[in-house]
Amino acid sequence: IVFRNPTETITGNGTFSMEDGVRMYIPSPYGITTSATGPTGGHIQTATREYACGGKYNYDGVGPQVTGNGLPDEIAELVCDNPNGLTISKYPPSQPNLQYVDNIVTDSAGIIAGNLSIGSGHPGHFNRIGSGYVNGSLELFIPSGSNVGARFDIGDASHYTPAYLGFGSVSTAGLLQVTSTTGIEPNTWQADCGLSSTHLVRRYFTFNAGSLGFSSLTDTLNWVPSDVPSPADTSKFAVREFNQDAHWLTPTQGTISGT
């Protein structure tokens with residue numbers, strides 16, 4: 001089922017019924033809905049709507065999209081082919097962690113090309129399938145509590161470079177967005193950075209915590225061999241943090257490995 005523009009709709013007093021195995025291409029910014037009509041009703045606006053649990057749903061809009069509350073609790077495949085990102089609108093009550101999706105891909109490499117937001121009000125994580133990851137920003141909901149962990153399966157168009165985060169305690173739950181970017185962080189020229197200008201790892205991570213409140217954070221960041229200029233002794237690498245006040249900080253550093 002191919003909708004060629006964001007405003008194309010199927011309407012009527014009858015029933016729209018989608019069979020298992022069918023793929024639907026969805027450019028509407030509002031996705032697919034259970035009952036909404038009009039400009040925000042999405043592509044399907046019949047009286048009754050039956051979306052297939054075994055269906056495949058491609059979100060390929062040109063602007064930011066939401067899945068819509070019509071996305072079934074179990075589906076065969078979810079594809080985000082939108083560089084401006086896809087936000088998951090609805091979670092099944094029994095499975096709030098997006099694990100009901102069998103496959104999240106944009107191509108044979110399993111890379112989501114765009115930004116994925118999972119979770120306003122829904123503690124959860126991106127359930128990585130096979131070699132899949134997000135080429136863009138991944139935003140997860142971090143719940144309150146002690147010893148809270150989160151895994152951000154992110155990277156660029158060619159490489160998987162995940163970030164693993166552990167919070168001592170989270171006092172204020174909220175969304176955390178993490179991005180892995182290839183290249184040199186643009187503020188390393190500042191004198192207080194303290195890193196070599198010629199032996200920098202060509203990758204940096206950006207964290208946007210919003211209103212998230214926590215006591216302490218331990219993170220494990222990954223890069224790939226091609227990010228490291230040659231020659232370089234990775235055992236002598238150091239980590240720096242560029243904070244919101246535009247200053248470089250030196251966090252407590254753990255073990256540095258080859259990647």
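These values consider heavy atoms only, across backbone and side chains, with no hydrogens, waters or symmetry-generated copies.
What you find for I154 and T179 is that their closest heavy atoms are CD1-C, 3.9 Å. Of all non-hydrogen atoms in T33 and Y30, the two that sit nearest each other are CG2-O, 4.0 Å. Of all heavy-atom pairs between P64 and P29, the closest is O-CB, 3.8 Å. Minimum heavy-atom separation, V224 to Y160: CG1-O, 4.4 Å. Pairing each heavy atom of S171 with each of S144, the nearest pair is O-CB, 4.4 Å. The shortest non-hydrogen separation linking R4 to E8 is N-OE1, 2.8 Å.
Classified by interplanar angle (parallel below 30°, tilted 30° to 60°, perpendicular above 60°), the ring pair F3/H43 is parallel. Taking the six-membered ring where tryptophan is involved, the planes of F242 and W248 are tilted, since the angle between them lies from 30° to 60°.
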Next item on the list: Apply side chain to side chain contact (heavy atoms under 4.5 Å, CB included) to T11 and T46, showing your working.
Entry: CA-CA 4 Å; T11 62; T46 54; 5.6 Å; no
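With sequence neighbours excluded, no residue forms a side chain to side chain donor-acceptor pair (under 3.5 Å) with D245.
Among residues at least two apart or in separate chains, salt bridge (Lys or Arg N to Asp or Glu O under 4.0 Å) pairs with a member in residues 182-211 are D156-R203, R203-D227. Under the side chain to side chain donor-acceptor pair (under 3.5 Å) criterion, the residue pairs touching residues 215-225 are S169-S215, with sequence neighbours excluded.
Linking ILVMFWY residues whenever their side-chain heavy atoms come closer than 4.5 Å, directly or via other members, leaves M18 and Y25 in distinct clusters.
To the nearest 0.5 Å, atom OG1 of residue T172 and atom CG of residue L212 are 7.5 Å apart.
Side chain of N13 to main chain of A47: no donor-acceptor pair is present (N/O by atom type, distance under 3.5 Å, no hydrogens or angles).
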